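This is a predicted model, so every value here is computed, not measured.
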Amino acid sequence: MDPDVPDGLFMVVGGRSGTTLRLDPFALVVTERSDTAGLSLEQSDIVRICDRPIAPAELGARLGIPLGAVTILLADLVDRGHIVIRSAGGTADRSTSAFASPADDRQLLEKLRVGLINLPL
């Protein structure tokens with residue numbers, strides 16, 4: 001690997017390593033505004049793919065990029081009004097329930113723990 005050539009994933013996310021966006025694991029991403037002028041190739045692909053509701057993890061699998069990078073791209077698209085993220089509670093933006101809180105993470109982990117304990121051997 002040439003140290004003078006930036007990593008492809010680094011280029012996809014514009015050099016950023018994170019975002020304040022915390023996705024609900026059961027959220028669905030849906031296109032709100034389909035014009036792609038001024039978007040990167042990956043962002044344009046997301047807008048196109050999300051014409052039907054899709055989970056962020058599935059979106060990452062289709063694009064071939066990690067969920068962390070997808071989250072960064074989704075945060076940009078939410079801010080620009082291209083997509084919305086819907087949770088079981090309905091449509092939301094950064095400040096409402098489509099984004100998981102630490103308490104939601106704990107509840108999900110507890111449900112997962114109980115489910116694993118109850119799996120038949």
Is there a donor-acceptor contact under 3.5 Å from the side chain of [X] to the main chain of [Y]?
| X | Y | answer |
| --- | --- | --- |
| Thr36 | Leu39 | no |
| His82 | Thr31 | no |
| Gln43 | Ser40 | yes |
| Arg33 | Arg80 | yes |

Inter-residue atom distance [X].[atom1] - [Y].[atom2], 0.5 Å rounding:
| X | Y | atom1 | atom2 | answer |
| --- | --- | --- | --- | --- |
| Arg62 | Leu59 | CZ | CG | 8.0 Å |
| Glu58 | Leu67 | CD | CG | 12.5 Å |
| Ile83 | Ile49 | CD1 | CD1 | 11.5 Å |
| Ile46 | Asp51 | CD1 | CG | 13.0 Å |
| Ile72 | Asp76 | CD1 | CG | 8.0 Å |

Task: Shortest non-hydrogen separation from Leu28 to Pro53 and the atoms involved - done: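 Closest pair (atom of Leu28, atom of Pro53, distance): CD1-CB, 3.9 Å.
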- [ ] Looking only at non-hydrogen atoms, find the nearest pair between Ala27 and Pro56 and report the distance.
- [x] O-CD, 3.4 Å
TODO: Would you check if Val70 and Leu73 make a side-chain contact, meaning some heavy-atom pair closer than 4.5 Å?
DONE: no
Task: Min side-chain heavy-atom separation Arg48-Asp45 under 4.5 Å - done: yes
